[in-house]
Student: 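What follows is a single structure, and I will ask about it in a moment.
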Amino acid sequence: MEERGMEEVKSAAVEDKPAAEKAVEERVAQEKTEDSTAQNKGTEEREMEREVNVEREMEGEVEVVTPCPTESHGLQGTIKGHDLFGYVGIEAVLDQMRRKTMKAGFEFNIMVVGQSGLGKSTLVNTLFKSKVSRKSCSPNYEEKISKTVKLQSVSHVIEEKGVKMKLTVIDTPGFGDQINNENCWEPIVSYVNDQYERYLKEELYVNRKPRIPDTRVHCCVYFLPATGHWLRPIDVEFMKRLGKIVSIVPVIAKADTLTMEERLEFKQRVRQDLKANGIRVYPQTEYDEDPEDRILNDKIRENIPFAVVGTDKEHQVNGNKVLGRKTKWGIIEVENVAHCEFTNLRDLLIRSHLQDLKDVTHNIHYETFRVRRLNESNLTVHGLALSCFPMENGTHGTNGTNGTSDRSESESHL
């Protein structure tokens, strides 16, 4: 009986061993299933969060930026939209800048270049709808052909809706009016560079003014006669030289003397000449900062040169007063796009690109001039330092009494 009981216990133990192993395997499989389920749930939750963030980014609610490590500040990210606990008031900076700018006012210097009789003064008056030209400011002015190119400037303070702007109009009487127009652009080039030089001197003073007076030429409007042919040699040479130091906007003066077909053909020929001679006119393609600017500037470049008509007289058209020129065949409306491209020129110079013209003048043209002048000054200073050492014959390397020493004194501010 005892032996039979022992056998039954052994058989029960043998039978229970696979059952225990089976239970352990089932428990391990269950744990693996739970872990995989949890992982799947975590993955699904992360994917759902990612989709929600993407949707919120598309709606403009929040901008998610991966923090990037920096050398000095550790982690840096962008907080925007609903990530803020409440209203901070950062946008008020724009109002502060606006108030300060309105108190200080603006400065804009425009130069008009072209032969006499092309309507330069009239067009400037039409642009700013006031008597700002040189002729309008001189009560007893008489038109005389100058023997040489003399630059004359007139400044005004224009105020509109609380915004003040100091406008300076630089006229160039005598340009292209002579039989021999050789080097007639040199006084204009010298004037532009002189304004850069004056600004550079103000910057290099030890005690500088809180605000440096800006007399630099921000834009040069060049008037082309409405011949209907190609560009003249004087036009090509002038724009080649001036395009490197100032922003040039070419216009076809008195465009009402051409038919619409002649005007279109002349514009195409001018654009071909500009491209063939490598003439850079504003706005240049290399100054486009983003795709939006490129799209806007491409439309402007398609209309260059602008066919314009200027006048300061008003006429009645359908019960409304409009600026225009009255002829036997009707009234040419200056601000009508179907008649001329004056509004496109005005939008470019004043309403859309005025600040950009100033930025290009400061960051491109003036910066190029500044680098060149400082490099020249460094070479002069080093040359002077070497010349101070005595040579083998015991003399110093100066060009006489008023040679190099005088030149160094005149350029010592640089």
Side-chain angles (χ1 to χ4, degrees), residues 109-120 123-124 127 148-151 169-178 180-196 216-255 258 263 265-288 297-298 300-308 310 341 344-345 348-349 353 356-358 360-361 364-366 368-369:
N109 308 318
I110 183 172
M111 175 185 286
V112 289
V113 181
Q115 291 180 348
S116 301
L118 293 181
K120 301 187 296 295
L123 183 66
V124 172
L127 275 173
T148 57
V149 179
K150 298 180 180 179
L151 281 81
V169 181
I170 303 105
D171 198 357
T172 55
F175 178 82
D177 293 337
Q178 311 302 319
N180 182 10
N181 291 308
E182 185 179 3
N183 298 330
C184 62
W185 50 78
E186 286 186 355
I188 301 174
V189 174
S190 299
Y191 178 86
V192 174
N193 288 328
D194 288 344
Q195 307 315 308
Y196 290 150
R216 298 170 296 182
V217 180
H218 300 130
C219 179
C220 174
V221 181
Y222 187 72
F223 286 72
L224 301 171
T227 59
H229 302 294
W230 306 90
L231 288 179
R232 302 170 303 169
I234 186 175
D235 302 329
V236 173
E237 195 64 29
F238 175 84
M239 288 191 282
K240 261 188 178 181
R241 295 174 180 268
L242 266 292
K244 300 176 182 178
I245 60 175
V246 71
S247 299
I248 295 182
V249 178
V251 299
I252 301 174
K254 295 187 175 181
L258 299 174
R263 182 188 304 178
E265 186 177 357
F266 185 41
K267 287 165 65 73
Q268 292 176 351
R269 289 178 177 176
V270 170
R271 283 195 290 267
Q272 291 175 6
D273 281 349
L274 293 176
K275 185 177 180 180
N277 292 281
I279 297 174
R280 303 171 59 189
V281 297
Y282 182 85
Q284 291 91 333
T285 54
E286 56 268 27
Y287 302 158
D288 297 340
N297 292 337
D298 284 341
I300 295 173
R301 285 186 279 264
E302 291 175 358
N303 292 326
I304 287 178
F306 298 103
V308 298
E341 296 172 344
N344 296 333
L345 175 65
L348 173 67
L349 296 181
H353 285 67
D356 188 66
L357 282 165
K358 298 180 66 175
V360 169
T361 300
I364 305 298
H365 300 302
Y366 170 71
T368 303
F369 175 85

Student: Distance from Leu123 atom CG to Leu118 atom CG, nearest 0.5 Å?
Tutor: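 Interatomic distance, Leu123 CG to Leu118 CG, rounded to 0.5 Å: 10.5 Å.
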
Student: Please report the closest heavy-atom contact between Val113 and Cys220, naming both atoms and the distance.
Tutor: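 Taking Val113 first and Cys220 second, the nearest heavy atoms are CG2-SG, 3.7 Å.
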
Student: Minimum heavy-atom separation for Gly176 to Cys184, with atom names?
Tutor: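 Between these two residues, the closest heavy atoms are N-SG, 4.5 Å.
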
Student: So, Glu341 and Lys267, do they make that salt bridge, N to O below 4.0 Å?
Tutor: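 Salt bridge flag = yes for Lys267 with Glu341.
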
Student: Indicate the atoms forming the closest heavy-atom contact of Met239 with Leu274, along with that distance.
Tutor: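 In this case the closest contact between Met239 and Leu274 is CE-CD2, 3.9 Å.
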
Student: Check Ala253 against Phe223 and note the closest heavy-atom contact, atom names and distance.
Tutor: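 Looks like CB-CD2, 3.7 Å.
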
Student: Is there a side-chain contact between Thr172 and Val112 in this structure, where contact means two heavy atoms from C-beta onward sitting under 4.5 Å apart?
Tutor: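 A side-chain contact is absent here, since even the closest heavy-atom pair is not under 4.5 Å.
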
Student: Check His365 against Gly243 and note the closest heavy-atom contact, atom names and distance.
Tutor: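 Result for this residue pair: CE1-O, 4.0 Å.
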
Student: Would you tabulate the side-chain donor-acceptor contacts of residues 185-192 under 3.5 Å, counting partners in other chains and residues two or more places apart, or write 'none'?
Tutor:
unit_1: Ser190; atom_1: OG; unit_2: Glu186; atom_2: O; d: 3.0

Student: Going through the distances and angles, do Ile248 and Ile279 end up as a side-chain contact (heavy atoms from CB on, under 4.5 Å)?
Tutor: CA-CA 10 Å; Ile248 295 182; Ile279 297 174; 6.0 Å; no

Student: What are the two closest non-hydrogen atoms of Asp298 and Arg301, and how far apart are they?
Tutor: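 Smallest interatomic distance, heavy atoms only, reads OD1-NH2, 2.8 Å.
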
Student: Donor-acceptor check, side chain of Asp177 to backbone of Ser116, threshold 3.5 angstrom: yes or no?
Tutor: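 Answer holds: yes.
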
Student: How far apart are the C-alpha atoms of Leu151 and Met111, what are their side-chain angles, what is the distance that settles it, and do they pass the side-chain contact (heavy atoms from CB on, under 4.5 Å) test?
Tutor: CA-CA 9 Å; Leu151 281 81; Met111 175 185 286; 3.8 Å; yes

Student: Classify the angle between the aromatic ring planes of Phe369 and Tyr196 as parallel (below 30°), tilted (30 to 60°) or perpendicular (above 60°).
Tutor: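 Ring orientation of Phe369 relative to Tyr196: tilted.
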
Student: Rounded to the nearest 0.5 Å, what separates atom NZ in Lys244 from atom CZ in Arg280?
Tutor: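 CZ of Arg280 is found 9.5 Å from NZ of Lys244.
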
Student: Quick one, Asn297 with Ile300, criterion side-chain contact (heavy atoms from CB on, under 4.5 Å). Give me CA distance, side-chain angles, the key distance, then yes/no.
Tutor: CA-CA 5 Å; Asn297 292 337; Ile300 295 173; 4.0 Å; yes

Student: Could you state the interatomic distance from CD (Glu237) to CG (Asn183), rounded to the nearest 0.5 Å?
Tutor: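 Spacing of CD (Glu237) from CG (Asn183) equals 8.5 Å.
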
Student: Quick one: NZ on Lys254 to CG on Leu258, what's the gap to the nearest 0.5 Å?
Tutor: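 The CG atom of Leu258 is 12.5 Å from NZ of Lys254, to the nearest 0.5 Å.
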
Student: Determine whether Asp171 and Val124 satisfy the following criterion, side-chain contact (heavy atoms from CB on, under 4.5 Å), listing intermediate values before the conclusion.
Tutor: CA-CA 10 Å; Asp171 198 357; Val124 172; over 6 Å; no

Student: With a 4.5 Å cut-off on side-chain heavy atoms, are Cys219 and His353 touching?
Tutor: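 Contact flag for His353/Cys219 side chains = no.
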
Student: Kindly write out the residues that satisfy side chain to side chain donor-acceptor pair (under 3.5 Å) with Tyr222, not counting sequence neighbours, or none if the list is empty.
Tutor: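 Applying side chain to side chain donor-acceptor pair (under 3.5 Å) to Tyr222 gives Asp235.
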
Student: Between Arg263 (side chain) and Ala226 (backbone), is there a donor-acceptor pair under 3.5 Å?
Tutor: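 Side chain of Arg263 to backbone of Ala226, a donor-acceptor pair under 3.5 Å: no, none is there.
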
Student: Less than 4.5 Å apart, any side-chain heavy atom of Phe306 and any of Ile304?
Tutor: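 Side-chain contact under 4.5 Å: yes.
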
Student: Measure the OG1-CD distance between Thr361 and Gln195 for me, rounded to the nearest 0.5 Å.
Tutor: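 Taking OG1 in Thr361 and CD in Gln195, the distance rounds to 12.5 Å.
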
Student: A side-chain contact here means heavy atoms from C-beta on lying under 4.5 Å apart; do Asn277 and Leu231 qualify?
Tutor: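 No, every pair of side-chain atoms sits at 4.5 Å or beyond.
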
Student: Got a second to check how far Leu348's CG is from Tyr282's OH, nearest 0.5 Å?
Tutor: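 Going from the CG atom of Leu348 to the OH atom of Tyr282 covers 6.0 Å.
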
Student: Between the main-chain N or O of Asn109 and the side-chain N or O of His218, is there a donor-acceptor pair closer than 3.5 Å?
Tutor: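 Pair found, side chain donor or acceptor close to backbone of Asn109.
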
